[in-house]
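Below is one structure; the comments refer to it alone.
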Amino acid sequence: MISARYNATEIEAKWYEHWLSKGYFRSIPDERESFSIVIPPPNVTGVLHMGHMLNNTIQDILIRKARQEGKNACWVPGTDHASIATEAKVVRMLREKGIKKSDLTRDEFLNYAWQWKEEYGGIILQQLRKLGASCDWDRTAFTMDDIRSEAVYKVFVDLYNSGKLYRGNRMVNWDPEAKTVLSNEEVIYGLEQSKLYHVKYEIDGSDDFVVIATTRPETIPGDTAIAVHPDDPRYQHLKGKNAIVPIIGRKVPIIFDDYVDREFGTGALKVTPAHDVNDHEIGKRHNLEVVDIFNADGTMSQSATVYIGEDRFTVRKKFSKDLEAHGHIVKIEDYQNNVGRSERTNAVVEPRLSLQWYVDMEALATPALKAVMEDIVEFFPKSQKNIYRHWMENIRDWCISRQLWWGHRIPAWYYLEDVFVAENADEALTIARKKYPHLTLADLKPDDDVLDTWFSSWLWPISVFDGFNDKDQLDYYYPTSVLVTGWDIIFLWVARMIMAGYEWTGKRPFDKVYFTGMVRDKQRRKMSKQLGNSPDALQLIEDYGADGVRFGMMASSPAGGDLLFDEKLVEQGRNFSNKMWNALRLLKGWEITDADQQSDKDALASLWMEQKIQEAYNELTKNFSEFRLSEGLMSLYNLIWNDFCSWYLEMIKPQYGEKIHQATYAQAIQLYSDLCTLLHPFMPFITEEIWHHLKENRETDCIMSAYIPRTSTGNHTLEPIEISKDIVTSIRDIRQKQGIKMKDALDLYILTSHKTEGLITLSGWKGIVEKLGVLQDIHLTDQVDIEGISFITGAEKCILQTMQSVDIDAELDNLNKELNYQIGFVDSVMKKLSNDKFVNNAPADVVAKENLKMADGRERIKILTEEIERLTKQKNS
RNA sequence: GGGAGAUUAGCUCAGCUGGUUUAGAGCAUAUCGUUUACACCGAUAGGGUCGGGGGUUCGAAUCCCUCAUCUCCCACCA
């Protein structure tokens, strides 16, 4: 039988197992229309956090909806090798064991990394199952598995052969902690508090000096010039002179360059071509010496000549002390500047000159930009289009090499000055032999670097279908239907996938992109480990059930906006499950009879509920088409909680000791299972469970494939029932204010002289109002002076006989308040209608509506006035 | 410095091409309630001159201008 309390944990495990065993998540191409989603692959060693839960709940909702609609739904799961992030984790793990990466060979390190991956890899995919994710697990892909790697090498070679790949010696963003280069997109800038040092440089051969301002005194050993603006009158006398670098003693020229901002600091700039992008440019213009004073790990190099081997930030302190001791510091100011940090290691990024591989992006960007601007790839929310356009129009070449070991090794081999690019070493040798016939494999030196992790993920929508080999799969599932991801990786990932899509398939990778917001806490702070404001995702599922968590995530997630996570919403979700469970218990507890006819009341109630569901279904369809999932869910929540439970079930609920008519019962079962089907994408487990309890003789095996193809039943009951509900609410209000017990049945009079046609011609309404209002009888009358408390709903005047003395003053007070409101209302309408310009210019139906509003308002004023008059008379007599 | 977006009840947000909205929802709040599904509950109620100012229009939360505040993206001056 049905347990008193809903046990989410148990039931969720049961159904997930069932779905898996029946293979409902599997997809193979067939004649049906496909609906495909590729998962944004989480880091292979990651654990489920709130962002994943949001993201994957949305994908699951969309996939389940499509599956219900009879489409061939395919959600491809997988993980990302996450080159730098994983390598950093492994390095840290090894360090804890007392092993230094630098003591290991490449192979030894990779062994550890693979071990780590085998141990922790895929945990996150297990966790997604707990959330209810209906992925086709047989398709699980990994960016570094054979198929995906092959795609990477193929694409690399292809880019090289078409001239879109090159090596360049440039200023790059260097992460001294991971000891690798980073792309521009992997550097996060933020304002940080720092100091501005004003440092005195002596002029060679005189007592004169020049003062420069710098935030990085530790780079002074790398100075090779002092620059001033050519038109700056303060420095004209320094033309042709040299300055002496403090402490270091190097003689450096005073140069004149437009780049210098005369307003900043003293208008003089120290130039360190090896460690600043702009300085590097100046250096090139003036043929300055480049002195690289840092090692790869951010410590001082031999060329620095001071503090060799010590960290740059330690040196900053020590060196500025030295400067001060020697009288070179003029002043030190507090200063706020923009500091770039590595997205993965959080290390302060160091500009550094080095030789790296780049992708020439310009040609790739053109079709990708066009596709988005013309909505061929449609963005939700639209506002992301501008951000995308700006980046695309100013696109810079993509630095794809990384000085790491965990990742796809760059398929390039070197011999003397030549480079040979091929999918593997043998092919490279074949190519190389055309020029050097006697080469052997041993002569070719492989590239030591690996590729940016995004160089494999930008192929994901193609490579998960083995699209470079399996054209049939690709044709069926690709372009994928929608991509669901956070806006924070729009450049790192989304833009590049679109480029790759057009480059290698000639098509967009997905029809639509739904950008989710970031998950934040109630104070709008980003969720982070450091703040400790991120709840444990699995614990939440444990505590509230996956359905509850899914509800909580979706209820607070307006399309595209940030999600302010509040555990209360998850609680609300759990409560909703409880509510639904109890509605089931109620239904299943009724005794059924087929004696007599179904009452008009029940027939009407069911018809009304059916029409409400139809209306909600139409709305839901619209909400889905615009990815307004939050609104869709909330309207279902209201439909089930309020319309179905609070109104419909109360309407049909048998009196104590009575039975429910089997026709009504069958309708209620059907309506509730329809509701479950609608809600299923959002809360898959409880809807499945309830659905099975309702459909004892089920035709299909599972709610997942039970779609409700509804036909329009019209909506002629909606308005009259709204009026009925208003009447009931008013009665309850009066009861509460008058202290009349729910048990006491009252008499209600409705004045037929007014506008009651829509309502009273609907058979069954009377039964509904009587039952819910707990009335003895409803009398339709044209008498105006019935004793009781009157109220107006719509344009109906109702009088409730309370069998107790009426507080005339209080009644008059209420009526007068209402009268004033109505007068104000009618006035505002009158203003419009008495305006010739309105009547002449506004469309006819708008004018007609206003006329109707006024007529209704006047009717209400008339009723109110009559009632006030009557009560006043009564009071005075 | 360049660009985008936002500002509606205590909170989070709807309000889609100006007209049944003197503005809706959920949560929160208050009052009442041991009615035989549910206190993870029921019933009812209160709450906003739609950031300020100006304009267009017969009519503006909705369009335009301006000011204020906030958020984000890009670039970056040491």
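By convention in this document, chain letters (A, B, ...) are assigned in the order of the sequence lines, proteins followed by strands, and residues within each chain are numbered from 1.
- Across all strands, A:Y189 comes closer than 4.0 Å to base atoms (heavy-atom distances).
- For the OP1/OP2 pair of B:rG42 and a distance below 4.0 Å, the side-chain nitrogens and oxygens of A:K579 include at least one atom meeting the criterion.
- Between A:Y259 atom OH and A:D279 atom CG the span is 7.0 Å, to the nearest 0.5 Å.
- A:L269 comes within contact range of at least one nucleobase, with a heavy-atom separation under 4.0 Å.
- Heavy-atom contacts from other residues, nucleotides or ligands closer than 6.0 Å to CD of A:E10 number 12 or fewer.
- Separation of the C1' atoms belonging to B:rU21 and B:rG5 is 26 Å when rounded to the nearest angstrom.
- Distance noted for atom C1' between B:rU31 and B:rU12: 25 Å (whole Å).
- Residue A:N638 is classed as a sugar-phosphate contact, given heavy-atom separations below 4.0 Å to backbone atoms only.
- Within the nucleic acid shown, A:F551 has no heavy atom closer than 4.0 Å to any nucleic acid atom.
- Counting non-hydrogen atoms under 4.0 angstrom, A:K522 reaches nothing in the nucleic acid.
- With rounding to the nearest 0.5 angstrom, the CE atom of A:M553 is 8.5 Å from the CG atom of A:L540.
- Heavy atoms of A:D261 sit under 4.0 angstrom from at least one base atom.
- Shown here is A:Q523, whose CD atom has more than 12 heavy atoms of other residues, nucleotides or ligands within 6.0 Å.
- Taking the six-membered ring where the residue is Trp, A:F380 and A:F627 present perpendicular rings, their angle passing 60° and hence far from 30°.
- At a threshold of 4.0 angstrom between heavy atoms, the contacts of A:R574 include nucleobase atoms, whether or not backbone atoms are also involved.
- Backbone-only engagement by A:R396 is indicated by non-hydrogen atom pairs under 4.0 Å involving sugar-phosphate atoms exclusively.
- A distance of about 14 Å separates the C1' atoms of B:rC50 and B:rA6, rounded to the whole Å.
- Between the side chain of A:E850 and the base of B:rU20, no donor-acceptor pair of N or O atoms lies under 3.5 Å.
- Using a 4.0 Å heavy-atom distance criterion, A:E650 is classed as a base contact.
- Using a 4.0 Å heavy-atom criterion, one finds that A:S556 contacts no nucleic acid atom at all.
- Distances from the side chain of A:R524 to the nucleotides B:rC40, B:rA37, B:rC13 place B:rC13 closest.
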Identify every side-chain donor-acceptor pair in residues 211-220 of chain A under 3.5 Å, counting partners at least two apart or on other chains, and give the distances.
residue: A:T214; atom: OG1; partner: A:R216; partner atom: N; Å: 2.9
residue: A:R216; atom: NE; partner: A:E218; partner atom: OE2; Å: 3.1
residue: A:R216; atom: NH1; partner: A:E350; partner atom: OE2; Å: 2.8
residue: A:R216; atom: NH2; partner: A:E218; partner atom: OE2; Å: 3.2
residue: A:R216; atom: NH2; partner: A:E350; partner atom: OE1; Å: 3.0
residue: A:R216; atom: NH2; partner: A:E350; partner atom: OE2; Å: 3.0
residue: A:E218; atom: OE1; partner: A:R316; partner atom: NE; Å: 2.9
residue: A:E218; atom: OE2; partner: A:R316; partner atom: NE; Å: 3.4
residue: A:E218; atom: OE2; partner: A:R316; partner atom: NH2; Å: 2.9
residue: A:T219; atom: OG1; partner: A:R216; partner atom: O; Å: 2.8
residue: A:T219; atom: OG1; partner: A:K270; partner atom: NZ; Å: 2.6

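- Between A:F644 and A:Y672, a ring centre-to-centre spacing shorter than 6.0 Å is recorded.
- Side-chain contact between A:N173 and A:N184 is present, with at least one heavy-atom pair separated by less than 4.5 Å.
- When the C1' atom is used for both B:rG47 and B:rA23, the distance is 13 Å, rounded to whole Å.
- Distances shown here put every side-chain N or O of A:Y672 at or beyond 4.0 Å from the OP1 or OP2 atom of B:rA37.
- For the P atoms, the distance from B:rG2 to B:rG48 is 41 Å, rounded to whole Å.
- Base-pairing analysis of RNA chain B finds the following stems of at least three consecutive Watson-Crick or G-U pairs, with both pairing distances under 3.5 Å: B:1-7 with B:68-74, B:10-13 with B:24-27, B:29-33 with B:41-45, B:51-55 with B:63-67.
- For the C1' atoms, the distance from B:rU8 to B:rA25 is 13 Å, rounded to whole Å.
- The side chain of A:F491 lies closest to B:rC73, out of B:rU12, B:rU44, B:rC73.
- Taking side-chain N and O atoms only, A:S630 has no distance below 4.0 Å to OP1 or OP2 of B:rC13.
- With A:W487 as reference, A:F515 is the one residue of A:F379, A:F515, A:Y388 to meet the side-chain contact (heavy atoms from CB on, under 4.5 Å) rule.
- Comparing B:rC72, B:rA28, B:rC13 by their closest approach to the side chain of A:K568 singles out B:rA28.
- Spacing between atom CD of A:Q736 and atom P of B:rG33 amounts to 9 Å, rounded to whole angstrom units.
- In this structure, of B:rA37, B:rG42, B:rA23, it is B:rG42 that holds the atom nearest to the side chain of A:W641.
- Among the heavy atoms of the strands lying under 4.0 Å from A:Q572 are primed sugar atoms or P, OP1, OP2 only; no base atom is included.
- Within 4.0 Å (heavy atoms only), A:T729 reaches sugar-phosphate atoms of the nucleic acid but no base atom.
- When each of A:Y544, A:F576, A:W581 is tested with A:Y6 by the rule ring pair (Phe, Tyr, Trp, His ring centres under 6.0 Å), just one qualifies, namely A:W581.
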Show me the protein contacts with nucleotides 15-17 of chain B, counting only N or O atoms at under 3.5 Å.
residue: B:rG15; atom: OP1; partner: A:R628; partner atom: NH1; Å: 3.3
residue: B:rG15; atom: OP1; partner: A:R628; partner atom: NH2; Å: 3.1
residue: B:rC16; atom: O2; partner: A:K622; partner atom: NZ; Å: 3.3
residue: B:rC16; atom: N3; partner: A:K622; partner atom: NZ; Å: 3.1

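- Set against B:rU12, B:rG19, B:rC27, the side chain of A:F838 has B:rG19 as its closest nucleotide.
- Nearest-nucleotide positions on RNA chain B place A:H390 closer to the 5' end than the other of A:G267 and A:H390.
- The same atom, P, is picked in B:rU57 and in B:rG10; the two are 35 Å apart, to the nearest Å.
- Proximity of A:N575 to the phosphate of B:rC41: a side-chain N or O atom is located under 4.0 Å from OP1 or OP2.
- Counting heavy atoms from C-beta outward, A:R520 and A:K526 have side chains that approach closer than 4.5 Å.
- Nucleotides B:rC32 and B:rA68 place their P atoms 49 Å apart, quoted to the nearest Å.
- For the pair A:V228 and A:R234, the minimum side-chain heavy-atom distance is 4.5 Å or more.
- Rounded to the nearest 0.5 Å, atoms CD1 (A:I592) and OG1 (A:T664) are 10.5 Å apart.
- Within 4.0 Å of A:F576, counting heavy atoms only, lies no atom of the nucleic acid at all.
- Across the protein-nucleic acid pair, A:Q523 atom CD and B:rU12 atom C1' stand 14 Å apart, rounded to whole Å.
- For A:R5 against B:rC40, a side-chain N or O and a base N or O form a donor-acceptor pair under 3.5 Å.
- In this structure, A:S646 reaches the sugar-phosphate backbone alone: every heavy-atom distance under 4.0 Å involves primed, P, OP1 or OP2 atoms, never a base.
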